[in-house]
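A quick write-up on the structure given underneath.
In this chain, residues are counted from 1 in sequence order. For ligands, and for the atoms within them, numbers begin at 1 and follow the listed sequence.
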Amino acid sequence: MKKKTNNKKLDLVSMSDIDSNDVWEILSLTKKLKAKPLLKSNLLKNQSVALIFAKPSLRTRVSFEVGVTQLGGKSVTIKMDEISVGIRENVEDIANVLSRYVSSIVIRTYEQKQIEDLARFSLVPVVNGLSNEEHPCQVVSDLFTINEIFNKLSGLKISYIGDGNNIAHSLLIGAALTNMDISIATPKGYEPNKHYVAIARKINPKINIEITNSPLNASRDANVLYTDVWVSMGQEDEMRKRKKIFAPYQINDKLLQVANKNAIVLHCLPAHKEQEITSKVFSRFSEIIYEQAENRLHAQKAILIKLIDSK
Ligand code: CP
Ligand code: NVA
């Protein structure tokens, strides 16, 4: 893991903060924690973790709160409007003060830069719990889920259908780190940011990265079909327009037919059935999708251990 700042702590601000060795270390630790949830139950004894949320959350908030409890610590959940970063006080002061109370900070916000700034000033590890640009905790955990099912990652093909958003960006890097081919199908104008495509290509020039507007082409021979909401948090005023534009970008039987016959379907959730995924496909893969959500808990504990233990 890269050290972004002068002090000795590590952060998970972007999926590109970790290298492929880190990924496999985290996945192996995740497996141990899933088998034995109270492993490392003293790691955070008498310590606290701050969880800052500027957007709603079910999975990230609850899995971090439960995970911190299982590691022997206490979480302090803060709604962003209570601290009003940049309005009530600046990021530098918040980072320095929180660092004196807690042993790490998880933050879900809009701007990736706000998380980078927090990490720059914080004396303790900072974890990105989702920004407009990235969702590394989700993708680390998804890599675990895929590996759990196929018993390998290298050589698989993952196809992401929908918006070229935070999930798509972190998936691009995650695929590159684990040697998976990745196809991303979005409507014109909603492709992933070229910056993330370039990072993925640089990390792993050998994998096949396809950015297309054809969900059918993207899904061909896929081992994993993955989708996310058409309207991310903060884009609610674009709902009507997006529902029209994204209508052809739905995981349904047609796409499953061209995928590998043993393909699985993943969804980071929350899901909007009959929009990005049909109810029928969701029901068929619901056990895997719920397991995918469960794995957030185990994977995030592994991330916290890796960040805090190697401080
Ligand atoms: N997938 C995910 O991050 O869910 P929440 O938005 O509920 O945390
Ligand atoms: N792209 C979605 C992910 C939710 C976990 C959003 O940002 O709202």
Could you check Asp117 against Asn90 for side chain to side chain contact (heavy atoms under 4.5 Å, CB included), going step by step and ending with a plain yes or no? CA-CA 10 Å; Asp117 288 347; Asn90 66 27; over 6 Å; no
Tell me which residues fall inside the under-4.0 Å heavy-atom shell around ligand 1. Ser57, Leu58, Arg59, Thr60, Arg108, His135, Gln138, Cys268, Leu269, Arg296
Does NZ or CZ of Lys31 come closer than 6.0 Å to the centre of the six-membered ring of Phe144, within 45° of the ring's axis? no
Return each pair, listed once, that meets ring pair (Phe, Tyr, Trp, His ring centres under 6.0 Å) where at least one residue sits in residues 14-69; pairs must be two or more places apart or across chains. none
The complete set of side chain to side chain donor-acceptor pair (under 3.5 Å) pairs with one or both residues in residues 32-46, sequence neighbours excluded, reads Lys34-Glu148, Lys34-Glu291, Lys34-Asn295, Lys40-Asp309
If we count only N and O atoms by modelled type, under 3.5 Å, do the side chains of Asn128 and Gln112 hold a donor and an acceptor together? yes
Go ahead and list the nitrogen or oxygen contacts between ligand 2 and the protein that come in under 3.5 Å, distances to 0.1 Å, or just say none.
from: ligand 2; atom 1: 1 (N); to: Asn165; atom 2: ND2; distance (Å): 3.3
from: ligand 2; atom 1: 1 (N); to: Asn166; atom 2: OD1; distance (Å): 2.9
from: ligand 2; atom 1: 1 (N); to: Asp228; atom 2: OD2; distance (Å): 2.6
from: ligand 2; atom 1: 1 (N); to: Ser232; atom 2: OG; distance (Å): 2.7
from: ligand 2; atom 1: 7 (O); to: Asn166; atom 2: ND2; distance (Å): 2.8
from: ligand 2; atom 1: 7 (O); to: Ser232; atom 2: OG; distance (Å): 3.4
from: ligand 2; atom 1: 8 (O); to: Met233; atom 2: N; distance (Å): 2.8

Counting only heavy atoms not in Tyr101, do more than 12 sit closer than 6.0 Å to its OH atom? no
So does Glu133 get a backbone contact from the side chain of His169, meaning a donor-acceptor N/O pair under 3.5 Å? yes
State yes or no: do Met80 and Ile78 share one hydrophobic cluster built from I, L, V, M, F, W and Y residues joined by side-chain heavy-atom distances below 4.5 Å, directly or via other members? yes
Leu297 and Leu304: same hydrophobic cluster, using ILVMFWY side-chain contacts below 4.5 Å? no
